[in-house]
Amino acid sequence: MHLLDVKGVTKHFGGIKAIEDVSFKIKQESIVSIIGPNGAGKTTLFNCLTGLTALTRGRIAFMDADISKLPAHRILEAGIARTFQNIRLFPDMSVIENVMVAQHSTIKYGFASAVFRTPGFRKSELDAGQKAFEYLELAGIGSFAEQPANSLSYGNQRRLEIARALAAGPKLILLDEPTAGMNPSETAEVMKLIREIRGLGKTVVLIEHDMKLVMGISDRIVVLDHGVKISEGPPDEVRADPMVIEAYLGREALH
Amino acid sequence: MLLQQLINGLTVGCVYAVIALGYTMVYGILEFINFAHGEIYMLGAYFGIVFLSLFTASGFAASNFPLAFALTVLFTILFCSAYGFAIEKTAYKPLRNAPRLSPLISAIGISIFLQNYVMITQGATDKVFPQRFGDASFHFMGASVTGLQLIIILASGLMMLGLHLFIKKTRTGKAMRATAQDMTMASLVGINVDRIISTTFVIGAGLAAAAGVMVAAYYGLVNYSIGYVAGIKAFTAAVLGGIGNIPGAMLGGIVLGLMESLGSAYISAEYKDVYAFIILIVILLIKPAGLLGANVEEKV
Amino acid sequence: MKRFLHSPVAVALCAALLFLPLKDLKSAALLFVFILAGLYAAPRIRRIKIPPLPFKLPRTEGPLQILAVAVFALLPLAVKDYYMDVLIMFGIYAILALGLNVIVGFTGQLNLGFAAFYAIGAYTYALLNTRLGLGFWPSLPIAACFASLSGLVLGVPALRLKGDYLAIVTLGFGEIVRIVLNNWDAFTKGPNGIAGIAPPSMAGISLGKLQHYYYLVFLMLIAAVFVIRRVESSKTGRAWLAIKENEIAASTMGIDTTAYKLYAFAFGTFWAGIAGTLFAGKMQFVSPESFTFMESVLILSMVILGGIGNVYGAILGAFILVIMPELLRDAQLYRMLVLGICLVALMIFRPQGLIGAKDASAGR
């Protein structure tokens, strides 16, 4: 059984064909990378998967349920969380509050319990705080818990985005360029973190430009170019695919 | 009866359209509702009264009224344009990169300030326009058009045409369109964006000032609070036509004027001011891009 | 130089100088000291919220709050009737500002028609009382819920819009409510207003006396602060803040943004209903002219002045805008003029307001 089944997904913006008839499947507890030159439609694909952009055509099934028409918050509840390429934190909330926001749909208490601070409220808030702290520690930024999110360094903001996505308790986590703007040692740490995430039983899909990271970490790779899937397979196969070399690596080599 | 309502509606609609141009031009470039724009129109009405009173007191208006009126309009436009320029420089320019709420609040502040400034200096009671225009009117098919109505319709038409040509043909007009498209790119190709924005405010204020004088002459009475209602209506007109779209603002103004006039005549005059708000809300909810705008999907 | 311009001293000096031409040196000096003290005390009040490690529940009540309550509880013993009246109006405006702060400050949804909900609350009590003979206490929840329901009715269509557009639609709604109240003579008695509203009573004693009414209003204000602070520091408050800070991220983190924006609308307007009922009960008279657009702007100014998104900021804003003009009574005429200048100056020099919010990024 596949965790995610993308079938014929198409997205047009007016006359622009951002994604055209893309299909692929993702197995549970695997790491899949989506690569392609700039403007290939990778982020648009993520937006489609997370309900931020409505599909023009196609179907997305997650654990055999059709999620292609669900709004973003329902997709998170279904079990898909994501990070953003252009960091989207809650800049003036504290780091730990950022992570606690992600637990929104798992925290259950009503209005009255919040006003009267019932034992049930206290317990779920304290548990949520504790859990948030654990995810921050996992991402290596536990010591910044009280600071406002916008005071973090760029790399730590990316880590916070990952911690926040993890705290939502997803089965599938989508990482949009998690190492963008990082130096090699930071990149290596993020690679380690991604493996740890998989170790927690989660499936990871990432958009990445760092070929070394992609080839080293991925179980499978999906290659997009101009909105069309041009190749898919294990890293070695994709690396040898003449289509990919021409469309992507070849162009890259020219630089 | 119907024809008469259409004529009255067209007259008011032309005024809305002229004020709406100021909203739409500013929104087109800065994506910001210049809340104080209605107050410029109000100032225009007051300046009109002040200048014409001067001409009347000196006896100049009695000997050559058309010239005196023309000079009044000219001086009013000059003064109000200066206000438009100064407001942009002091209250909006420092906030160009601030969160979107900030310039709007600043504009509300300016609006409150100008209203109360005029109220304190000119008094809270209605001011009377010093000279009544003659009641000479043209009759046809049971309806009548006064000379002033004709002047308003013709002058508005000329101003709109002039603006249209200015924006389509001149260098500055082209630079304005480029800035509205993409401010960063415009500045990269050497357009002085600050200057373009100032120009936009000056032109918008000048148009509103002209509308103010005409309305003061038309109704004969002005009050420090007229800017707020007229501003909202003109804004409605701009949204109705598609905000940021100049022909849209003209169309929107005329449609709104006609609807209001017909609504007052055939539904209820007491709720005259409500129609604009209802139209505004309905348009924003059904077709936020307006009559002449295209609906574009927001990219995440 | 630039740093000096943003320092509390400069801000306080600026605000004080603006008042100087309107009164005398003494009151300007008083204002300067008051604002400066507020600015320096503010960060200390603000710090209460940040949770220490390991995670603890944020405290919503502390010694500062108890002290404030004690001061306000003792005020009637020391203050003349005239000031009692002003303090009651301060309490009502503070509740309004707190309600609007939920919508604008917490959730980042601009609302320029808040006076409409205030009006709905006031008229609900006025009509229930004068037509059906219903008393204050049964009317209070009905009026609050009715205002809240109106908030929902407006919110459902309006919240699809963003930023300036939302502001204009709420403004339009506010005007429609006022014009209808003004013209529906058979029901609302039009511009003449509704007179003869009974003041509330408690255990058979009428609360019409100023001191009594003062305590009633302050009880309500305390209730408002208590409930709003606790909702703010729950998952609901976090969801609101998240929507304000980044709506897209909030939706991908499982927050039903439309539902929570509506929630904020309904919750904020609920307090407008409470304030409206208190206003009608105090004046024993309501008319449309108490609920103009300027009233909406005034309430919004309170929220912005004190510090958008900050509960105590809203109260401080209400305090300044209600009490200050009374202290400088000769300056009544200039009140709105100065308010206009202050709004512009505030946006340019101190957009986060006097106290400053947890953040200064409303409507980003």
Side-chain angles (χ1 to χ4, degrees), chain B residues 27 31-36 39 87 90-95 98-121 124 225 228-229 232 235-236 239 243 268-286 288 298 300, chain C residues 104 108 110 112-113 154 156-158 160-180 182-185 190 248 252 292-294 296-298 300-301 304 308 333-349 351 360-364:
Chain B
Y27 196 91
E31 293 201 356
F32 141 71
I33 299 173
N34 178 11
F35 208 90
E39 310 312 335
I87 290 172
T90 50
Y92 305 152
K93 188 162 177 263
L95 297 171
R100 286 187 60 145
L101 194 60
S102 302
L104 184 67
I105 302 225
S106 185
I108 291 175
I110 290 287
S111 170
I112 298 175
F113 171 78
L114 289 177
Q115 265 189 45
N116 285 275
Y117 178 69
V118 171
M119 185 193 80
I120 292 166
T121 53
S225 64
Y228 163 62
V229 178
I232 289 294
F235 177 73
T236 306
V239 172
I243 195 151
S268 154
E270 281 173 349
Y271 288 96
K272 180 171 156 253
D273 289 343
V274 173
Y275 303 134
F277 292 116
I278 292 177
I279 293 167
L280 175 68
I281 293 178
V282 169
I283 285 283
L284 281 178
L285 297 178
I286 296 175
E298 201 180 341
V300 183
Chain C
V104 182
L110 193 51
L112 289 179
L154 171 66
V156 168
R160 289 168 33 203
L161 302 166
K162 291 204 168 68
D164 297 4
Y165 279 109
L166 177 68
I168 293 292
V169 165
T170 52
L171 184 158
F173 178 80
E175 284 300 287
I176 289 173
V177 168
R178 189 183 58 81
I179 296 172
V180 168
N182 211 19
N183 286 308
W184 194 0
D185 294 349
I248 287 173
T252 59
T292 57
F293 170 65
M294 274 304 143
S296 296
V297 169
L298 193 67
L300 182 65
S301 308
I304 294 166
I308 197 157
L333 188 61
Y334 300 91
R335 180 169 86 146
M336 294 307 276
L337 190 81
V338 172
L339 176 63
I341 301 174
C342 284
L343 282 181
V344 179
L346 208 62
M347 284 301 114
I348 294 172
F349 296 113
S361 62
R364 178 151 39 200

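Naming convention: chains lettered A, B, ... in sequence-line order (proteins, then strands); numbering from 1 in each chain.
Between B/Y271 and C/W184 the shortest heavy-atom distance is OH-N, 3.8 Å. Residue B/I112 comes nearest to C/M336 through the heavy atom pair CG2-O, 3.2 Å, listed as atom of the first residue, atom of the second, then distance. The two residues C/L112 and B/I108 have their closest heavy-atom pair at CD2-CD1, 3.7 Å. Taking both residues in full, the closest heavy atoms of C/I348 and B/A91 are given as CD1-CA, 4.4 Å, listed atom of the first, atom of the second, then distance.
The six-membered or imidazole ring of B/F277 lies away from that of C/F293, with a centre-to-centre distance of 6.0 Å or more.
Rounding to the nearest 0.5 Å gives a distance of 5.5 Å between OH of C/Y334 and CD1 of B/I120. Atoms CG and CD1, from C/L161 and B/I281 in turn, are 9.5 Å apart once rounded to the nearest 0.5 Å. Separating the CD atom in C/E175 from the CG atom in B/L280 is a distance of 11.5 Å, to the nearest 0.5 Å.
Only the backbone of B/E31 comes within less than 4.5 Å of a heavy atom in chain C; its side chain stays farther off. Proximity to chain C is limited to the side chain of B/I232, based on heavy atoms less than 4.5 angstrom apart. Contacts of C/V169 with chain B are made by both backbone and side-chain atoms, with heavy-atom separations under 4.5 Å. Using a 4.5 Å cut-off between heavy atoms, B/T90 contacts chain C through its backbone alone, with no side-chain atom that close. Residue C/I179 touches chain B through both its backbone and its side chain, counting heavy-atom pairs closer than 4.5 Å.
In this structure, the side chains of B/I278 and C/I176 come closer than 4.5 Å at one or more pairs of heavy atoms.
Below 30°, between 30° and 60°, or above 60°: for C/Y165 and B/F235 the angle between ring planes is between 30° and 60°, a tilted geometry.
Ranked by heavy-atom pairs under 4.5 Å with chain C, the list B/Y92, B/F32, B/Y228, B/Y27 is led by B/Y228. Listed options C/L171, C/V180, C/L339 were ranked by heavy-atom pairs under 4.5 angstrom with chain B; first place goes to C/L171.
For the side chain to side chain contact (heavy atoms under 4.5 Å, CB included) with B/I105, the qualifying choice from C/L300, C/L346, C/I308 is C/L300, the only one to do so.
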